[in-house]
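In what follows, a structure is listed as structure tokens, so that the remarks can point back to it.
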Amino acid sequence: MDYLVKDISLAPSGHLKIDWADRHCPVLRKIRERFEREKPLEGLTIGMSLHLEMKSAVLALTLKAGGAEVAITGSNPLTTKDDVAAALAEREVHVYAWYGETLEEYYANINRVLDHKPQLIVDDGADMIVEVHTKRKELLGQIIGGCEETTSGVIRLKAMERDRVLGFPVIAVNDAYTKYLFDNRYGTGQSSLDGVLRATNMLIAGRTVVVCGYGWVGKGIALRARGMGAKVVVTEVDPIKALEAVMDGYSVMPMSEAAKIGEIFITATGNKNVIREEHFRVMRDGAILCNAGHFDVEIDVKALRAMAESVRRVRDCIDEYRLSDGRRLYLLGEGRLVNLVCAEGHPAEIMDISFSDQALAVEYLKKNEGKLENKVYRFPVELDVEVARLKLEAMGVEIDTLTEEQREYLESWRHGT
């Protein structure tokens with residue numbers, strides 16, 4: 001089995017983590033049991049680029065159970081768990097990833113996965129899909145399709161579709177109701193605050209937390225911060241989302257004003273330089289900066305470094321930037337995903353839903369091979385409903401069903417008395 005990990009002897013710890021996550025992923029486990037019987041992915045090679053930790057390992061093993069050969073790498077240089085990577089290698093998955101990769105090593109590992117000539121791609125941030133379209137075009141003709149996990153990745157892929165360069169169909173798993181309503185909101189909301197707490201050991205109650213962006217991720221972060229007693233300020237560029245934040249009871253203001261009063265800043269926009277030099281100049285001494293978006297571009301770290309007289313690592317996940325006037329600003333996780341760099345990412349119960357979406361999307365692409373255009377497709381609603389049904393079943397929750405009379409009423413435009 002071909003693999004490249006930091007230390008294969010770390011595998012025993014990784015096996016324990018994978019088994020723990022699997023215990024809390026009942027829907028994915030049920031899908032894996034069916035995949036083991038039916039082998040819907042027999043003969044396929046699947047290339048994966050995900051945050052390589054215990055929950056994504058369960059997805060990789062689920063796809064392998066379906067008959068596929070699986071090759072996986074990380075989707076961020078600082079989010080791979082080396083013990084999990086080693087354990088996956090021992091479970092006959094091709095793994096090329098380790099914590100702390102350089103940018104060159106990161107892309108070399110993506111290409112090691114692509115060297116297996118996958119027919120299907122499971123991506124997180126679209127780096128692997130973009131690499132195929134720019135550096136590995138010889139693979140385009142054999143790829144059936146791809147699945148994309150994140151908002152940032154879907155934005156990139158829709159731009160590729162708009163520019164008519166997308167070379168195969170992609171399922172926007174991020175746009176599944178069962179993904180963004182739960183993963184983006186409850187998953188990121190909890191795990192981002194978890195990252196802040198693990199890194200800083202600070203009290204959230206009574207502090208002013210500035211949430212940059214009020215999409216589903218921002219909503220979740222704001223909700224959890226308020227639940228812990230924070231005074232929450234939201235910054236936005238979208239009038240509708242800003243209005244929603246106001247109606248949800250948050251203070252809304254421009255970043256130029258929020259920068260003066262915030263104590264903890266969490267970016268969640270998917271855009272670059274949301275917090276930049278003009279904001280650093282007016283921040284309070286001791287302000288905490290962190291990012292919950294996929295790419296490390298939301299905080300202008302380059303500008304912060306240029307402004308600083310000194311930089312030092314003061315805790316495992318915290319860098320202190322001392323400015324010329326004596327103020328100190330603290331950056332968590334080097335500006336990368338705070339929930340995965342400084343903590344363990346989303347709870348397994350949440351990723352059970354999102355990765356079930358991924359598994360079913362892969363199966364859908366295989367079943368519809370040759371029938372789809374080179375476009376970004378929304379996750380099929382019937383699969384969305386099925387995942388929700390299975391999750392409720394696993395939780396022991398029962399719901400009502402429509403009577404025949406109710407069904408006919410909803411389908412008719414002639415409503416009698």
Given side chain to side chain donor-acceptor pair (under 3.5 Å), test Thr178 with Asp384 step by step and report yes or no.
CA-CA 6 Å; Thr178 45; Asp384 234 345; 2.4 Å; yes

Could you tell me whether a side-chain N or O of Glu373 sits under 3.5 Å from a main-chain N or O of Lys375, the two making a donor and an acceptor? no

Of all heavy-atom pairs linking Val234 and Ala245, the shortest is CG1-CB, 4.0 Å

- [ ] Using a strict 4.0 Å threshold on nitrogen-to-oxygen distance, state whether Glu69 and Lys117 make a salt bridge.
- [x] no

- Regarding Thr150 and Asn174, is there a side-chain donor-to-acceptor distance under 3.5 Å anywhere? no

What class does the angle between the rings of His51 and His294 fall in, given that below 30° is parallel, 30 to 60° is tilted and above 60° is perpendicular?
tilted

NZ/NE/NH1/NH2 to OD/OE distance under 4.0 Å, Arg305 and Asp319: no

Exercise. Going by an N to O cut-off under 4.0 Å, is there a salt bridge joining Asp123 and Arg156?
Worked result: no

Salt-bridge criterion met for Asp296 and Arg336 (N-O under 4.0 Å)
yes

Between the CG atom in Leu88 and the OG atom in Ser56, the distance rounded to the nearest 0.5 Å is 7.5 Å

Distance col, row Leu197:CG vs Asn201:CG, nearest 0.5 angstrom, shows 8.0 Å

Working for side chain to side chain donor-acceptor pair (under 3.5 Å), residues Asp127 and Tyr106: CA-CA 10 Å; Asp127 278 346; Tyr106 171 74; 2.6 Å; yes

- Side chains of Arg312 and Tyr321: donor-acceptor distance under 3.5 Å anywhere? no

By side-chain hydrogen bond (donor to acceptor under 3.5 Å, both in side chains), Tyr330 pairs with (sequence neighbours left out) Glu320

| query | Is it the case that more than 12 heavy atoms not belonging to Arg164 sit under 6.0 Å from its CZ atom? | reply | no

*Report the C-alpha separation of Lys17 and Asp22 in whole Å, then their side-chain angles, then the decisive distance to 0.1 Å, and conclude whether the salt bridge (Lys or Arg N to Asp or Glu O under 4.0 Å) test is met.*
CA-CA 9 Å; Lys17 288 182 179 179; Asp22 186 60; over 6 Å; no

Q: Would you kindly say whether Tyr214 and Asp248 are connected by a side-chain donor-acceptor distance under 3.5 Å?
A: yes

- Query: Is Arg328 paired with Glu309 through a side-chain N to carboxylate O contact shorter than 4.0 Å?
  - Reply: no

Taken in chain and number order and not counting sequence neighbours, the residues that satisfy ring-ring contact (aromatic ring centres under 6.0 Å, His included) with Tyr177 are Tyr180

To the nearest 0.5 Å, atom CG of Leu337 lies from atom CD of Glu334 at 12.5 Å

List the steps and the verdict of side chain to side chain donor-acceptor pair (under 3.5 Å) for Ser49 and Asp124.
CA-CA 6 Å; Ser49 175; Asp124 189 319; over 6 Å; no

task: Run the salt-bridge test on Arg91 and Asp19 with the 4.0 Å N-O cut-off and return the result as yes or no.
output: yes

Practice task
State, with a plain yes or no, whether a side-chain heavy atom of Thr102 is found less than 4.5 Å away from one of Glu105.
Solution key: yes

Do the charged groups of Lys179 and Asp175 touch, with an N to O distance under 4.0 Å? no

Residues Lys81, Glu344; criterion salt bridge (Lys or Arg N to Asp or Glu O under 4.0 Å); working and verdict: CA-CA 9 Å; Lys81 307 303 180 187; Glu344 295 182 71; over 6 Å; no

task: Show the numbers, then the answer: is there a side chain to side chain contact (heavy atoms under 4.5 Å, CB included) between Leu390 and Glu386?
output: CA-CA 6 Å; Leu390 289 171; Glu386 176 64 6; 3.7 Å; yes

Between Trp216 and Lys219, is there a cation-pi geometry (under 6.0 Å to ring centre, at most 45° from the normal)? yes

Measure the shortest side-chain to side-chain distance between Pro26 and Asp352 over non-hydrogen atoms and say whether it is less than 4.5 angstrom.
-> yes

Hits for ring-ring contact (aromatic ring centres under 6.0 Å, His included) against His279, two or more places apart or cross-chain, chain-then-number order -> none

Item checked: Side-chain heavy-atom pair Phe280, Arg327 within 4.5 angstrom cut-off -> no

Is any side-chain heavy atom of Glu369 closer than 4.5 Å to one of Leu365?
no

field: Non-hydrogen side-chain atoms of Asp82 and Asp7 separated by less than 4.5 Å
entry: no

Shortest non-hydrogen pair, Ser354 vs Val173, comes out as O-CG1, 4.3 Å

From the list Ile288, Thr208, Val211, side chain to side chain contact (heavy atoms under 4.5 Å, CB included) with Ile264 holds only for Ile288

If you measure from the Lys or Arg side-chain nitrogens to the Asp or Glu carboxylate oxygens, is any gap between Arg34 and Glu36 under 4.0 Å?
-> no

For Ala172 and Val154 the tightest heavy-atom approach is CB-CG2, 3.8 Å

- [ ] Measure from the side-chain N and O atoms of Arg281 to the backbone N and O of Glu278, and report whether any donor-acceptor pair falls under 3.5 Å.
- [x] no

- Task: Please assess Asn111 against Lys135 for the test side chain to side chain donor-acceptor pair (under 3.5 Å), listing each intermediate value before the final yes or no.
- Result: CA-CA 9 Å; Asn111 278 281; Lys135 307 285 181 60; over 6 Å; no

Is there side-chain contact between Ile31 and Leu360, with at least one heavy-atom pair below 4.5 Å? yes

Checklist entry - Just by distance, with hydrogens left out, do Glu298 and Thr269 show a side-chain donor and acceptor under 3.5 Å apart? => result yes

Minimal heavy-atom distance between Pro40 and Lys366, with the atoms involved, is O-CG, 3.8 Å

message: Quick check: do Ile46 and Pro118 have side-chain heavy atoms less than 4.5 Å from each other?
response: no

*Report yes if the SG atoms of Cys342 and Cys290 are separated by under 2.5 Å, and no otherwise.*
no

With a 4.0 Å cut-off, would you call Glu161 and Lys158 a salt bridge? no

Exercise. Just checking, any donor-acceptor pair under 3.5 angstrom between side chains of Gln142 and Gln119?
Worked result: no

ask   = Any chance the side chains of Gln190 and His346 put a donor and an acceptor closer than 3.5 Å?
value = no

Side chain to side chain contact (heavy atoms under 4.5 Å, CB included) between Leu332 and Val196, intermediate numbers included:
CA-CA 8 Å; Leu332 308 190; Val196 172; 4.2 Å; yes

All heavy atoms of Gly167 vs all of Leu140, minimum pair found to be CA-CD2, 4.2 Å

Minimal heavy-atom distance between Gly326 and Asp285, with the atoms involved, is O-OD1, 4.2 Å

Interatomic distance, OH@Tyr96 vs CZ@Arg112, rounded to 0.5 Å, equals 8.5 Å

Taking side chain as C-beta onward, heavy atoms only, is Ile266 less than 4.5 Å from Asn291?
no

